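Heads up, the thing below is written out as structure tokens.
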Amino acid sequence: MAELLNLRRSIDNIDAAIIHMLAERFRCTKKVGALKAEHSLPPGDPAREKQQIERLRRLAADAELDPEFAETFLNFVIREVIRHHEAIAAARSAD
Ligand SMILES: O=C(O)C(=O)C[C@]1(C(=O)O)C=C[C@@H](O)C=C1
């Protein structure tokens, strides 16, 4: 079962990388949320999301990952980003 242990060690490393990358992404999107609130821009940008989804679906297909899964994952992340943007805008307008 050494192979199982080795695979699980790699899975743990990959999960840690995903968490760190997501944390970095949210650090960026929180700054985007502040800029959008400052310039009275709406939290969501459907045109940008369409481009991101098309791009990620292509990247997923090339990497032999299910494009549907990639789209669902991106939408899940973006929903959370929009929730943060809305909270940032609400806090700003309450000041
Ligand atoms: O690029 C933006 O305008 C963002 O707010 C970031 C982001 C994203 O998480 O990638 C989130 C919401 C928008 O609808 C589009 C993209």
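Counting convention: from 1, in listed order, for ligands and their atoms alike. Computed from a predicted structure; not experimentally measured.
When only non-hydrogen protein atoms are considered, atom 14 (O) of ligand 1 lies nearest to E49 OE2, 2.4 Å. Looking only at heavy atoms of the protein, atom 16 (C) of ligand 1 is closest to Q52 OE1, 3.4 Å. Regarding atom 8 (C) of ligand 1, its nearest protein heavy-atom neighbour is R25 NH2, 3.5 Å. Protein heavy atom closest to atom 2 (C) of ligand 1, with residue, atom name and distance, is K36 NZ, 3.5 Å. With respect to atom 11 (C) of ligand 1, the closest heavy atom belonging to the protein is V81 CG1, 3.5 Å.
Taking the charged nitrogens against the carboxylate oxygens, E54 and K50 do have a contact shorter than 4.0 Å, which makes a salt bridge. We find that E24 and R27 are joined by a salt bridge, their nearest charged nitrogen and carboxylate oxygen being less than 4.0 Å apart.
With ligand atoms numbered from 1 in the order given, ligand 1 contributes 14 (O) to contacts under 4.0 Å with heavy atoms of G44. Less than 4.0 angstrom separates some heavy atom of H85 from each of these atoms of ligand 1: 4 (C), 5 (O). Close approach to D45 involves these atoms of ligand 1, each under 4.0 Å from a residue heavy atom: 13 (C), 14 (O).
A pairwise comparison of heavy atoms in I82 and G44 identifies CD1-CA, 3.9 Å as the closest pair.
Below 3.5 Å of separation, one finds no N or O of T29 facing any N or O of ligand 1.
Residues L56 and Q52 fail the side-chain proximity criterion, which asks for heavy atoms closer than 4.5 Å. With a 4.5 Å cut-off on side-chain heavy atoms, H85 and K30 do not count as touching. Residues L22 and I18 meet the side-chain proximity criterion, which asks for heavy atoms closer than 4.5 Å.
Comparing heavy-atom distances from atom 1 (O) of ligand 1 across K31, K50, R48 singles out R48 as nearest.
Looking at K36, its side chain never comes within 3.5 Å of a backbone N or O of L41 through a donor-acceptor pair.
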